[in-house]
Amino acid sequence: MLTKAPKGTKDILPSQIYKWDYVEKVFREICRKYGFQEIRTPVFEHTELFARGVGDSTDIVEKQMYTFDYAGRSLTLRPEGTASVVRAFVENKLYAGGQPSKYFYEIPCFRYEKPQSGRLREFHQFGIESFGSPDMLADAEVIALGADFLAALGVRQAELHINSIGCPDCRPAYRELLTDFLRPKYDELCDTCRSRFHKNPMRILDCKSPICQEAVKGAPVMLDHICGPCSGAFEALKGHLDAFGVAYHVDTGIVRGLDYYTKTAFEFVSGNIGAQGTVCGGGRYDGLIGELGGPPTPGVGFGLGIERLLLVMDAEGFDIPAPAGADAFIAYMGDDCKAAGIALSKRLRSAGLHVEMDVHGRNIKGQLKQADRAGARYAIIIGEDELGQNRASLKNMASGEQRLVDIGDLESCIQAGAADAT
Ligand code: ATP
Ligand code: MG
């Protein structure tokens with residue numbers, strides 16, 4: 001137990017972290033270009049926020065939340081990002097600053113699920129939220145940002161699927177139609193879906209059980225039953241996506257796993273990483289901000305799973321540049337040389353170089369081995385005699401070439417790669 005991380009969690013080790021740094025840098029840069037600003041919210045919130053915000057009848061709230069009591073309050077580790085951002089928006093009266101308000105975040109999320117490839121209990125999301133605009137251009141902008149981001153990371157084979165899941169005006173009538181269709185099949189449904197039948201029958205369309213998938217074949221689809229305004233909005237969305245040059249497939253099967261969505265629902269799906277192929281999912285949630293106590297404000301956003309993103313990038317062969325090794329490794333012989341090495345390391349680091357030095361008291365052979373392990377471009381060897389002349393040996397680790405250099409010149413030699421030239 002002591003040396004095993006909890007099931008469904010993963011360490012991100014130093015050997016992998018550069019990939020995370022890389023995608024994070026690209027994400028931040030794209031968000032900057034689209035005018036989204038970073039927001040950071042707490043890892044846990046009052047449980048009611050998710051019960052209300054994500055929806056009581058969703059799998060997330062019914063079965064997957066990490067909830068604990070503290071001092072008489074029920075708290076929950078966030079299973080997704082939107083509800084928290086809405087809470088912060090309302091609590092800090094950010095709506096007073098004029099609309100749209102556009103936010104991005106990178107967060108760990110927690111869901112008690114069956115761990116498998118691309119499905120963890122602690123996972124990470126990039127997310128964006130655009131609050132304030134009822135216009136489908138806001139949806140298209142959110143989707144275009146997602147498409148740009150994936151393209152920048154070499155993901156060519158994630159298809160964009162879009163759908164409209166209607167609004168409170170047209171969904172009730174559709175819900176009737178769907179329940180009428182499913183009623184004769186009620187006994188065939190899985191336990192979860194029998195309860196969904198009463199609470200939220202649209203979720204049955206999304207059930208992964210083969211029996212339920214069979215039962216919903218031929219069911220009426222929301223897209224055929226949306227009202228005039230929803231239908232106009234969907235046409236507008238497609239037009240805006242065309243204008244952005246973003247390709248899409250209309251997929252009537254998309255029903256998002258969270259209750260708050262209205263009109264636009266979309267997913268970027270990759271066929272390259274097995275069953276958990278949805279890299280990014282999002283949509284419009286016009287009722288949510290009002291529902292959570294804010295002034296009625298429309299919103300649209302997405303959540304993008306970082307672990308899945310890295311799997312897709314790997315599957316598509318995108319080579320994230322690995323970080324360079326140390327610029328120099330300082331090896332020394334004896335105490336005087338050690339003090340000179342420390343002073344030198346300080347000087348080279350303040351010049352911006354990545355410098356490492358032995359902190360074990362190893363002999364010179366051991367230190368040079370360490371220089372190799374650090375991937376150092378140069379080893380600087382400080383010996384008594386050379387130090388007497390204020391010089392040190394500069395060894396090019398790739399070629400093995402070595403020469404004496406004035407200590408004062410080391411910085412410029414390393415920066416210019418001068419040892420290579422002589
Ligand atoms: P799925 O269909 O895979 O269950 P979801 O609809 O529950 O996903 P969202 O709540 O929309 O997912 O979250 C957005 C994104 O976060 C997903 O598209 C996926 O990339 C990622 N994600 C969701 N759940 C997990 C998980 N348990 N482990 C890893 N990534 C996840
Ligand atoms: Mg899920």
Side-chain angles (χ1 to χ4, degrees), residues 5-10 12 20 23 27 50 53-55 57-66 76-86 104-129 142-143 145-147 149-150 153 155 158-163 165 192 196 200 202-209 212-213 251 253-261 264-285 288 299-315:
K7 196 170 163 188
T9 66
K10 270 209 172 115
I12 304 165
W20 290 72
V23 295
F27 183 64
F50 301 118
V54 176
S57 66
T58 56
D59 285 359
I60 295 180
V61 172
E62 281 194 331
K63 308 189 279 212
Q64 300 179 343
M65 297 210 300
Y66 282 89
T76 293
L77 300 182
R78 85 182 137 217
E80 56 97 52
T82 306
S84 305
V85 177
V86 170
F104 79 85
Y105 49 86
E106 177 187 1
I107 53 170
C109 296
F110 306 85
R111 297 185 194 174
Y112 188 79
E113 303 202 65
K114 194 164 159 248
Q116 51 202 286
S117 169
R119 195 177 291 291
L120 294 156
R121 291 181 174 170
E122 182 193 34
F123 63 100
H124 297 78
Q125 278 190 358
F126 289 129
I128 65 169
E129 314 291 347
V142 161
I143 294 173
L145 188 157
F149 177 54
L150 292 174
L153 296 176
V155 178
E159 277 187 353
L160 169 63
H161 296 223
I162 60 169
N163 191 19
I165 54 172
T192 316
R196 287 171 174 159
N200 190 350
M202 276 175 82
R203 305 265 328 114
I204 301 175
L205 301 173
D206 205 24
C207 183
K208 309 275 190 294
S209 135
C212 297
Q213 281 178 1
D251 179 350
I254 291 188
V255 215
R256 307 283 310 124
L258 303 92
D259 270 356
Y260 48 62
Y261 288 105
T264 311
F266 66 90
E267 291 183 354
F268 285 91
V269 185
S270 166
N272 292 330
I273 55 165
Q276 289 7 286
T278 304
V279 186
C280 172
R284 174 168 280 275
Y285 42 84
L288 183 65
V300 52
F302 70 61
L304 186 150
I306 304 181
E307 285 84 357
R308 286 190 202 175
L309 171 68
L310 292 170
L311 288 174
V312 172
M313 289 170 67
D314 213 31

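Read the numbers this way: they start at 1 and go in the same order the structure lists the ligands and their atoms.
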Option nearest atom 18 (O) of ligand 1 (shortest heavy-atom distance, choices V312, T278, D59): T278
F123 neighbourhood, listing ligand 1 atoms whose heavy-atom distance to it stays under 4.0 Å: 16 (O), 21 (C), 22 (N), 23 (C), 24 (N), 25 (C), 26 (C), 27 (N), 28 (N), 29 (C), 30 (N), 31 (C)
N/O donor-acceptor pair under 3.5 Å between R284 side chain and T264 backbone: no
Identified side-chain hydrogen bond (donor to acceptor under 3.5 Å, both in side chains) counterpart of E307 within the set R119, H124, K10: H124
Best match, R119, Q276, E267: closest heavy atom to atom 1 (P) of ligand 1: R119
Any W20 side-chain heavy atom under 4.5 Å of I306 side chain: yes
The one among Q64, H124, E307, K208 that brings a heavy atom closest to atom 2 (O) of ligand 1: K208
Donor + acceptor pair across side chains of Q116, Q276 (<3.5 Å): yes
Listed partners of F266 passing ring-ring contact (aromatic ring centres under 6.0 Å, His included), at least two apart: none
Derivation of the side chain to side chain contact (heavy atoms under 4.5 Å, CB included) call for L309 and L150: CA-CA 8 Å; L309 171 68; L150 292 174; 3.6 Å; yes
Atoms in ligand 1 flagged as close to G305, the criterion being non-hydrogen separation under 4.0 Å: 15 (C), 16 (O), 20 (O), 21 (C)
Non-hydrogen atom of R111 closer than 4.0 Å to ligand 1: yes
Per-atom contacts, ligand 1 versus Q125 - under 4.0 Å to a heavy atom: 13 (O), 14 (C), 15 (C), 16 (O)
Atom indices of ligand 1, in the order listed, that fall short of 4.0 Å to a heavy atom of L120: 26 (C), 27 (N), 28 (N), 29 (C)
Any R308 heavy atom less than 4.0 Å from ligand 1: yes
Best match, S270, G118, G277, G282: closest heavy atom to atom 29 (C) of ligand 1: G118
Distance filter under 4.0 Å to V279 heavy atoms, resulting ligand 1 atoms: 18 (O), 20 (O)
Ligand 1-proximal atoms of C280, by part, heavy-atom distance under 4.0 Å: backbone
Ring centres under 6.0 angstrom apart (F27, F149): yes
ring-ring contact (aromatic ring centres under 6.0 Å, His included) involving Y105 - partner list, sequence neighbours excluded: none
Heavy-atom donor-acceptor pair, R111 side chain to P79 backbone, under 3.5 Å: yes
Any E80 heavy atom less than 4.0 Å from ligand 1: no
